[in-house]
Amino acid sequence: MSKVITPQEEDYSKWYNDIVVEADLADHSAVRGCMVIKPHGYAIWEKMQQALDKMFKDTGHVNAYFPLFIPKSLFEAEEKNAEGFAKECAIVTHYRLKSDPQNKGKLIVDPEAKLDEELIVRPTSEAIIWNTYRGWIESYRDLPLLINQWANVVRWEMRTRLFLRTTEFLWQEGHTAHATREEAIEETKKMLEVYADFAENWMAVPVIKGVKTPNERFAGADDTYTIEALMQDGKALQAGTSHFLGQNFAKAFDVKFANKEGKLDHVWATSWGVSTRLMGALIMSHSDNNGLVIPPKLAPTQVVIVPIYKGDEGLKKLAEVAAVIKAKLQQRNVTVKFDDRDSHRPGWKFAEYELKGIPVRIALGERDLSNGTVEVARRDNLTKEVVKIDEIETYIVNLLEEIQSNLFKRALERREQMSHQANTFDEFKKILDEKAGFVYAHWDGTSETEEKIKEETKATIRCIPLNNKQEQGTCIYTGKPSTQRVLFARAY
RNA sequence: CGGGGCGUAGCGUAGUCCGGUAUCGCGCCACGUUUGGGACGUGGAGGCCGUCAGUUCGAAUCUGGCCGCCCCGACCA
């Protein structure tokens, strides 16, 4: 073994890092907190983008692109939003460098080139977008405005982790404008459903849909909806959010429309986003000590064919059969790679594709050739099966579906096993320390109690689940009456 | 910002206490034998030891400054 991954049991965080780096997903860059997304990692992100983009378009949205920079005066217009992001902004103050007279070959910021107004590198785009929408919206006929953008944003976090929290990250942000409050809320919920659908049916990651408490709300939102996933180590990960922004941005940027009665009113807004953080969720949901595990629907390569041969003649014979198998699979929309590189031996390739998470491997040797079979190995549970070449395409198509649903099932079972109820604060703390995972508990509904619990246990309210069961109970912290359990966890 | 660690070949490292021009593994190149779970042999290439200054006949090694990165924590719409 030339590439060793730290076992999860030994150090989960190290395991995660090893997977990201060794599976060639991403690397630390020369810029602190910023990563290089390598081709294999980027290919998975592209699959995610394609699927999501189609879902957005199917729900009536179109793509556009807005500037990276936001003039400070616009940025500060919506007060709560500005305040929420102020402490993690990168700011452009100058537009030119010049040679350092003191130090040959070095450059300094040209003090003559100071900007009159600083530019904020977007941490999110509400400000620049709503400032633009003012010019686009006059009448109810201009509504709804349903726009998405794929972009990069910068948030100057103190501590970063590959994919989970990087200074610069890639994401999509939807920004919509509506004539009524009801319609905007409907949109907010609709996009949450899209995210949940994507997480569960593409990423094979089960999620809890819910509403954030005021404490955890997006800065500038009236309500934040979220999907929360549970990672293998029992920590929660916020996988996507959809915000009902009320009329906050419309008022801050004076975006009004004339309704059918000819009266002017501020429009209602939503915004919603998912980011490259989803890559982290994907990794921490399915991967194991042998490396990455990619659900078939998001795998850039779903099947790899590895020939096992002796000499050029042998390879030639196998290549012919492999080409037939490949063509048959491609006809069924399966992405296949035939790895006939002579520079590595089969065993090396097996290990490599396992590490990189390719869902299915077909091994094809002379022995198979005479039997009319191949050896099919699946990545999710590492089992192998001998399959007749005649039946290969149906077998593989079914197998890919089976792997996709098995991954989801496995993740769901794990989440259920790691979901607990706590009725007292002692019990609550005990579960967090000994079992981790999701903890459903009664809460008195106040921010103060939420804060106290966070201070003492590091657990936060991940969400108040949608369609939550109503039941009488008492707050685990204050003993005050409560009507429902909310979802607590320690989170990434 | 606090705590910890690290900077030596493409990667991972030994050497640093006790100063004498750098060890080993992987990878790379060539040739040959190999190929059903990370092959083997032989030969070869590759390093101003993060950076700047100081001490010294001599610095990877001692002293001081600086820079960078990683990990833990604080922080995290």
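Every chain is numbered from 1 and lettered A, B, ... according to where its sequence line falls, protein lines coming before strand lines. Heavy atoms only: backbone and side chains are in, while hydrogens, waters and symmetry mates are out. All values reported here derive from a predicted model rather than from experimental measurement.
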> Considering only the P atoms, how many Å lie between rC66(B) and rG19(B), rounded to the nearest integer?
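27 Å, rounded to whole Å.
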> Do Glu366(A) and rG36(B) share a donor-acceptor pair, side chain to base, under 3.5 Å?
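No, the side chain and the base share no sub-3.5 Å donor-acceptor pair.
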> Nearest of rG36(B), rC76(B), rG38(B) to any side-chain atom of Glu88(A)?
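Between rG36(B), rC76(B), rG38(B), the one nearest the side chain of Glu88(A) would be rC76(B).
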> Under 4.0 Å, counting only non-hydrogen atoms across every strand here, what does Glu173(A) touch: a base, just sugar-phosphate, or nothing?
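Answer is nothing: Glu173(A) stays at 4.0 Å or more from every strand.
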> Quick one: is Lys458(A) getting a side-chain N or O under 4.0 Å of the rA74(B) phosphate, OP1 or OP2?
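Yes, within the criterion.
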> Classify the nucleic acid contact of Glu216(A) as base, sugar-phosphate or nothing, counting any heavy atom under 4.0 Å across all strands shown.
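Touches nothing.
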> Quick one: on RNA chain B, does Asp342(A) or Ser275(A) contact a more 5' nucleotide (nearest heavy atom)?
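Its nearest nucleotide being more 5', the pick is Asp342(A).
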> When both hydrogen-bonding distances must be under 3.5 Å and the geometry is Watson-Crick or G-U wobble, what is rG37(B) paired with, if anything?
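Paired with no nucleotide.
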> Can you tell me if the side-chain N/O atoms of Arg159(A) get under 4.0 Å from OP1 or OP2 in rG73(B)?
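The answer is yes; a side-chain N or O of Arg159(A) sits under 4.0 Å from OP1 or OP2.
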> Do His243(A) and Thr224(A) have side-chain N/O donor and acceptor atoms under 3.5 Å apart?
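Yes, because at least one side-chain N or O of His243(A) sits under 3.5 Å from a partner of the opposite role on Thr224(A).
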> Please state the P separation for the pair rU63(B) and rG5(B) - nearest whole angstrom.
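Taking atom P in both rU63(B) and rG5(B), they lie 16 Å apart.
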> Taking the same atom, P, in rG54(B) and in rG7(B), what whole-Å distance lies between them?
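Pairwise P distance, rG54(B) against rG7(B), rounds to 25 Å.
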> What is the separation between atom CG on Leu355(A) and atom P on rG37(B), rounded to the nearest whole Å?
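Atom CG in Leu355(A) sits about 18 Å away from atom P in rG37(B).
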> Sticking with atom C1', work out how far rA53(B) lies from rA59(B), rounded to a whole angstrom.
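Taking atom C1' in both rA53(B) and rA59(B), they lie 13 Å apart.
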> Does Arg361(A) make a cation-pi contact with Phe350(A) (under 6.0 Å, within 45 degrees of the axis)?
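Judged by the rule (NZ or CZ under 6.0 Å from the ring centre, within 45° of its axis), Arg361(A) counts as positioned above Phe350(A).
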> Across all strands shown, which nucleotide pairs with rA45(B) by Watson-Crick or G-U wobble geometry, both distances under 3.5 Å?
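The answer is none; no pair meets the criterion.
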> With Lys326(A) as the cation and Phe338(A) as the aromatic partner, state whether NZ or CZ is under 6.0 Å from the six-membered ring centre and within 45° of the axis.
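No, Lys326(A) does not lie over the aromatic ring of Phe338(A).
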> Rounded to the nearest Å, what distance is computed from the OH atom of residue Tyr16(A) to the C1' atom of nucleotide rC70(B)?
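Those two atoms, OH and C1', are 15 Å apart.
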> Could you please name the option among rU35(B), rG38(B), rA74(B) that lies closest to any side-chain atom of Met158(A)?
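Looking only at heavy atoms from C-beta outward on Met158(A), the closest nucleotide is rA74(B).
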> For the pair made of CG in Leu315(A) and C1' in rG36(B), what is the distance, rounded to whole Å?
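About 15 Å, once rounded to whole Å.
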> I'd like to know if Arg32(A) reaches the base of rC69(B) with its side chain, counting only an N/O donor and acceptor under 3.5 Å.
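Between rC69(B) and Arg32(A), which were checked side chain against base, a qualifying N/O pair under 3.5 Å is absent.
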> Arg341(A) near the nucleic acid: base, sugar-phosphate alone, or nothing, with a heavy-atom cut-off under 4.0 Å?
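Nothing, no nucleic acid heavy atom in range.
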> Sort out the partner of rU16(B) for me: Watson-Crick or G-U wobble, both distances under 3.5 Å, none otherwise.
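Paired with rU16(B), as far as the under-3.5 Å criterion goes, is no nucleotide at all.
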> Any side-chain N or O of Asn17(A) under 4.0 Å from OP1/OP2 of rC71(B)?
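Yes, within the criterion.
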> What is the distance from CD of Glu22(A) to C1' of rG38(B), rounded to the nearest Å?
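Answer to the nearest Å: 13 Å.
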> Can a side chain N or O of Ser13(A) be found less than 4.0 Å away from OP1 or OP2 on rC71(B)?
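No.
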> Using atom CG of Asp312(A) as one end and atom P of rU35(B) as the other, report the distance to the nearest whole Å.
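About 14 Å, once rounded to whole Å.
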> Can you tell me if Arg161(A) touches the phosphate of rC76(B), counting only side-chain N or O atoms and a distance under 4.0 Å to OP1 or OP2?
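No.
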> If the C1' atom of rG47(B) is compared with that of rU34(B), how far apart are they to the nearest Å?
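Roughly 33 Å separates the two C1' atoms.
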> Need the pair for rG54(B). Rule: Watson-Crick or G-U wobble, both distances under 3.5 Å, any strand; none if unpaired.
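rG54(B) is paired with rC62(B).
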> Would you kindly give the CZ-to-P distance between Arg490(A) and rA74(B), to the nearest whole Å?
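Rounded to the whole Å, the gap is 11 Å.
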> Would you say His344(A) reaches rG38(B)'s phosphate, i.e. side-chain N/O to OP1/OP2 under 4.0 Å?
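Checking rG38(B) against His344(A), no side-chain N or O comes under 4.0 Å of OP1 or OP2.
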> Consider only side-chain N and O atoms of Asn381(A) and Thr383(A), and report whether a donor and an acceptor are under 3.5 Å apart.
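The criterion, which ignores hydrogens and geometry beyond distance, is satisfied for Thr383(A) and Asn381(A).
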> Between the side chains of Glu9(A) and Asn289(A), does any donor sit under 3.5 Å from an acceptor?
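Their side chains do contain a donor-acceptor pair, which is all the 3.5 Å distance test asks for.
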> Counting only side-chain nitrogens and oxygens, does Arg367(A) get under 4.0 Å of the OP1 or OP2 atom of rG36(B)?
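Result: no.
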> Write down the atom of His178(A), the atom of Glu183(A), and the distance for their closest heavy-atom approach.
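Taking every non-hydrogen atom into account, ND1-OE2, 2.8 Å.
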> Name the closest nucleotide to the Glu352(A) side chain, picking from rC71(B), rU35(B), rG38(B).
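Nearest nucleotide to the side chain: rG38(B).
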> If I take atom CG in residue Asp339(A) and atom C1' in nucleotide rG38(B), what distance separates them, rounded to the nearest angstrom?
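That distance rounds to 14 Å.
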> Choosing from rC76(B), rG38(B), rU35(B), which nucleotide comes nearest the side chain of Lys454(A)?
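Of all the options, the side chain of Lys454(A) is nearest to rC76(B).
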> Write down the distance separating the P atoms in rC31(B) and rC69(B), rounded off to the nearest Å.
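42 Å, rounded to whole Å.
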> Given that both distances must come in under 3.5 Å, which nucleotide forms a Watson-Crick or G-U wobble pair with rU23(B)?
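With both distances under 3.5 Å required, rU23(B) matches none.
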> Run the salt-bridge test on Lys328(A) and Glu391(A) with the 4.0 Å N-O cut-off and return the result as yes or no.
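No, this pair does not count.
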> When you look at Trp272(A) and Phe56(A), which way does the ring pair (Phe, Tyr, Trp, His ring centres under 6.0 Å) test go after all the steps?
CA-CA 11 Å; Trp272(A) 27 273; Phe56(A) 299 155; 5.2 Å; yes
> Using only heavy-atom distances, decide whether a donor-acceptor pair under 3.5 angstrom links the side-chain of Arg345(A) to the base of rG36(B).
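Side chain to base: no pair below 3.5 Å.
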> Find the distance Leu318(A):CG to rU35(B):P and express it as a whole number of Å.
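Interatomic distance, CG of Leu318(A) to P of rU35(B): 13 Å.
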> Distance check, C1' atoms only: rC52(B) and rG41(B), in whole angstrom units.
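Comparing C1' positions in rC52(B) and rG41(B) gives a spacing of 47 Å.
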> Verify ring pair (Phe, Tyr, Trp, His ring centres under 6.0 Å) between Tyr492(A) and Tyr16(A), making sure each step is shown before the conclusion.
CA-CA 13 Å; Tyr492(A) 276 100; Tyr16(A) 175 80; 7.4 Å; no
> Given that both distances must come in under 3.5 Å, which nucleotide forms a Watson-Crick or G-U wobble pair with rC1(B)?
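With both distances under 3.5 Å, rC1(B) matches rG73(B).
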> Is there a Watson-Crick or G-U wobble partner for rA9(B) with both distances under 3.5 Å, and which nucleotide is it?
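Pair assignment: rA9(B) / none.
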> When you compare rC11(B) with rG50(B), how far apart are their P atoms, in angstrom units rounded to a whole number?
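Between the two P atoms, the distance is 13 Å.
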